[in-house]
S.K.: 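The structure under discussion is supplied below as structure tokens; questions concerning it will follow.
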Number of protein chains: 2
Amino acid sequence: MNIGRYAAGVPLDDGASTAAPPSPGKSRSGPSMADVAALAGVSSQTVSRVSTDPDKVRPDTRRRVQAAMTELGYSPNTAARALRYGSFETIGLIAHRLARTGESRTVEAVVEAARRHGYTVSLIDVRSPSPTDVDEAVARLSHQAIDGLIIIRAETATPATLALPPRLPVVVSDSRFVGHHPAVATDQTDGTRQAVGHLLELGHRTVHHLAGPEDSAPAEQRLTAWHDHLVAAGREVPAPWRGDWSAGSGYELGRHLAEDPEVTAVFCANDEMAAGLYRALHEADLRVPEDVSVVGFDDIPLAEHLWPPLTTVAQDFHLIGQLLVDLLLEQVRDRKDLADHRTLVPVELVVRSSTAAPRLSSPRT
Amino acid sequence: MNIGRYAAGVPLDDGASTAAPPSPGKSRSGPSMADVAALAGVSSQTVSRVSTDPDKVRPDTRRRVQAAMTELGYSPNTAARALRYGSFETIGLIAHRLARTGESRTVEAVVEAARRHGYTVSLIDVRSPSPTDVDEAVARLSHQAIDGLIIIRAETATPATLALPPRLPVVVSDSRFVGHHPAVATDQTDGTRQAVGHLLELGHRTVHHLAGPEDSAPAEQRLTAWHDHLVAAGREVPAPWRGDWSAGSGYELGRHLAEDPEVTAVFCANDEMAAGLYRALHEADLRVPEDVSVVGFDDIPLAEHLWPPLTTVAQDFHLIGQLLVDLLLEQVRDRKDLADHRTLVPVELVVRSSTAAPRLSSPRT
DNA sequence: CGCGATGGTGTTTACGTAAACATCAATGCT
DNA sequence: AGCATTGATGTTTACGTAAACACCATCGCG
């Protein structure tokens, strides 16, 4: 046995350029139908029948073939099958920063929905949502064995910059692609309206915003909606604070926010940043919600268990994932052209304990 | 345009049994090399050369072929290529409850490492880590187009219950598979030892344990290590509390823990449960770490920003993912048999602010 | 100036599977 | 009994690609 504790970094070759074909090394391919057929004393077509529709062959023949399969350890060659059928039963998925928050929940839902339909999911995770990264991912994936493509967070990539292979069905979780590719997206505007409205109704004079990064479409949508809603309500619009979705950025910005006694209500573009803000407020000895009310976005599993439990806008990531798959498979299977299709998934404000009316003697002391 | 707000649940057919072959619907396959060849006035072999090694064909011929490719919107058929090469440049990945915790970080690392090597990742997410679920996933994936398989959290599946296709290289993130499949796993025992040791050194008489579910191998390893370490230190071993990894379970159990004044130190099997425990302690007006010290496991991104920042055992999920891929590709590419290989990835206790010496007048009042 | 070497291209073939068609035996019916 | 019908199995072919080989110019060299 070969036990070892791993210490240093891993050496990694960054070779294998996108276009490079597989190395010519012969495959691990095991026995083929012909081998099974020879052993069982039948034709390879009969073997084929056994593996696709066993009822088409007589029980004793079937048993003989199955025995031969087991003996040789036969399993059908997917490549050949795919070539024959022209389908891989696989869909490609481009995600961004998988490990973060809701992204992974959408992925989970996509994988699950795909599985229900008999499809597998091929995943590419891009680091940044920059057009080049997304484009590279598309290039890579579309040279892979996929029947359709789901892009989560196309972000700054525009329909024009995406060099998609012709005839490849695509679905996007980004409303800016309407007219080019079918899209399923969260109703960011409504969610923001609910969050900001909730805080204003509680009596706050205005609402500060801890925004997401500029290269994120949802972040911009939330920012715009927050701005517009305040304007519509005739409130002062404070300068937004720019985070990067991470709890760390929420904490850093929160330390500045905490110093401003005018701040009584903060709408955070996601729950992680709200958690970072919590920490900054705690460190500044400010109480939530007595001194500052906080609202998040996403409703991550931990939101309910932060202290105090976080009021937040719940997104239905699971539904989004399901709808994406449904929409994609409609195109894959039925050759439908749904380019102008768009679904807006509603959100719901979950009121917990992080919001309250401002102190009467506001601003804070 | 077709805008609609989605309300009701999605109808889902649970058809498409594992063995069912793809529907016979003809593929979306576009033009083939032959079409391009005809248009460009060359043989299909020349087209093939252009798409694999452009230098092998004269510049003007190449341009003519490339023009024809563009005009027809040609892209090479992956199935045919895979059949020819015997390789898909794809690895299968079975994960469990992707959206939860560190799992997604390992997945992220696997995807990234695979990409660096020119491989794509096919993902299956199983709901429960039960043998049947994992087995079904294996069956499903191994009928897909993959060159190798990575199983994250094989849990209660044993080498015997896994009906793996012969000749399929497999790597597991589970140390119980040593001798059957190569494994890369976190050093659970050492991590636990560090956590419990830290608390004892601070002066706590003993350490309580908020454990993970019984069907989880890592949970059991942490439980055992905690037990053994207390025994070795000559301390009383309190009954462990069984959670299910979720913050909710940590909260529920935490409410009971909070009522026991004997409890001054708790080692949680993961950070989410620690967060739930935090909430329960806060609600009970107990302070961390003054009244109760808490240690988590995983070091999720939020751990640092909980209040107070959580002392926890950091796992290097990223390294695990990389090593899994390296190990798998060694088998795939070099046909090596590494069945008895095992790598133990070290962990590190990150001391933050949730641990301190017990009050002198312990037990709590 | 003839001959081998070289580079560019076409032709043949194989990868493993499954549909389409062909064959053959057993069965049912008059 | 004779013939159509059915069911089980074998044979041929095509899916799209790329390696292996064959061919033919052109070039360099003695």
Side-chain angles (χ1 to χ4, degrees), chain A residues 19-38 40-65 68-69 72-89 143-145 165 167, chain B residues 19-38 40-65 69 72 74-89 143-145 165 167:
Chain A
S23 63
K26 218 61 193 86
S27 86
R28 62 167 177 88
S29 71
S32 69
M33 292 204 319
D35 302 318
V36 177
V42 298
S43 75
S44 64
Q45 182 55 35
T46 300
V47 178
S48 168
R49 281 190 263 261
V50 170
S51 68
T52 54
D53 189 355
D55 293 338
K56 281 191 180 164
V57 349
R58 249 194 334 215
D60 57 332
T61 315
R62 190 192 318 153
R63 269 189 295 275
R64 207 145 31 92
V65 171
M69 284 176 166
L72 294 176
Y74 168 81
S75 61
N77 180 314
T78 325
R81 239 182 215 199
L83 177 58
R84 197 82 241 293
Y85 286 127
S87 152
F88 288 94
E89 304 291 283
H143 286 137
Q144 288 299 127
R167 271 172 297 277
Chain B
S23 64
K26 217 61 193 87
S27 86
R28 63 167 177 88
S29 72
S32 70
M33 291 205 317
D35 302 317
V36 176
V42 297
S43 75
S44 63
Q45 181 55 35
T46 299
V47 178
S48 168
R49 280 191 262 260
V50 170
S51 67
T52 53
D53 188 354
D55 293 338
K56 281 193 181 163
V57 23
R58 246 192 340 213
D60 58 331
T61 316
R62 189 193 317 152
R63 269 189 297 274
R64 208 147 31 92
V65 171
M69 283 176 166
L72 295 176
Y74 168 81
S75 61
N77 180 312
T78 324
R81 248 187 207 192
L83 176 57
R84 197 82 243 293
Y85 285 128
S87 151
F88 286 95
E89 304 290 283
H143 286 136
Q144 288 299 127
R167 268 173 299 277

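Being a predicted model, the structure only gives us computed values, none of them experimental. Just so we're on the same page: letters track the sequence lines, and every chain starts at 1.
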S.K.: May I have the list of side-chain donor-acceptor pairs in residues 41-49 of chain B shorter than 3.5 Å, sequence neighbours left out?
M.R.:
unit_1: Ser43(B); atom_1: OG; unit_2: Gln45(B); atom_2: N; d: 3.4
unit_1: Ser43(B); atom_1: OG; unit_2: Thr46(B); atom_2: N; d: 3.4
unit_1: Ser43(B); atom_1: OG; unit_2: Thr46(B); atom_2: OG1; d: 3.4

S.K.: Give the minimum heavy-atom separation between Ser51(A) and Arg81(A), together with the two atoms involved.
M.R.: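 Heavy atoms of Ser51(A) and Arg81(A) come nearest at OG-NH2, 3.5 Å.
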S.K.: Quick one: Met33(A) CE to dT17(C) P, roughly how many Å, whole number?
M.R.: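 Those two atoms, CE and P, are 5 Å apart.
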S.K.: Applying side chain to side chain contact (heavy atoms under 4.5 Å, CB included) between Asp53(B) and each of Val57(B), Val50(B), Asp55(B), report the one that passes.
M.R.: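 Only one option passes, and that is Asp55(B).
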S.K.: Nearest whole Å is fine: how far is dG16(D) C1' from Leu83(B) CG?
M.R.: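 After rounding, the gap between these two atoms is 9 Å.
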S.K.: Output yes when at least one side-chain N/O atom of Tyr74(A) is less than 4.0 Å from OP1 or OP2 of dG16(C), else no.
M.R.: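 Tyr74(A) to dG16(C) OP1/OP2: no side-chain N or O under 4.0 Å.
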S.K.: Return the minimal non-hydrogen interatomic distance between Leu83(A) and Ala80(B), and the atom names on each side.
M.R.: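 Shortest heavy-atom separation between Leu83(A) and Ala80(B) comes out as CD1-CB, 3.9 Å.
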S.K.: State, to 0.1 Å, how close Tyr74(A) and Pro31(A) come at their nearest heavy-atom pair, and which atoms those are.
M.R.: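 Closest approach of Tyr74(A) to Pro31(A): CD1-O, 3.3 Å.
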S.K.: Considering all heavy atoms of both residues, which atom of Ser32(B) and which atom of Asp35(B) are nearest to each other, and what is their separation?
M.R.: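 Ser32(B) and Asp35(B) have their closest heavy atoms at N-OD2, 2.8 Å.
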S.K.: Can you check the Phe88(B) CZ to dT17(D) C1' distance for me, whole Å?
M.R.: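 Result: 13 Å.
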S.K.: What string of B, S and - do you get for nucleotides 6-13 of chain D, 5' to 3', if B is base contact, S is sugar-phosphate-only contact and - is no contact with any protein heavy atom under 4.0 Å?
M.R.: --SBBB--
S.K.: Roughly what angle, to 10°, lies between the helix axis at the start of the helix from dC1(C)-dG30(D) to dT30(C)-dA1(D) and the one at its end, five pairs per end?
M.R.: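 Inter-axis angle at the termini of the helix from dC1(C)-dG30(D) to dT30(C)-dA1(D): 40°.
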S.K.: Which part of the nucleic acid does Ser32(A) contact within heavy-atom distance under 4.0 Å: base, sugar-phosphate only, or nothing?
M.R.: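 Sugar-phosphate, backbone atoms only, no base.
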S.K.: To the nearest Å, how far apart are Arg63(B) CZ and dT9(C) C1'?
M.R.: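 After rounding, the gap between these two atoms is 17 Å.
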S.K.: Calculate the interatomic distance between Asn77(A) atom CG and dT17(D) atom P; express it in whole Å.
M.R.: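 Rounding to the nearest Å, CG of Asn77(A) and P of dT17(D) are 16 Å apart.
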S.K.: To the closest 0.5 Å, what do you measure between CE (Met33(B)) and CE (Met69(B))?
M.R.: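 Separation between the atoms: 8.5 Å.
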S.K.: Take the protein atom OH of Tyr85(A) and the nucleotide atom C1' of dA20(C), then report the distance between them rounded to whole Å.
M.R.: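 Tyr85(A) atom OH is separated from dA20(C) atom C1' by 14 Å.
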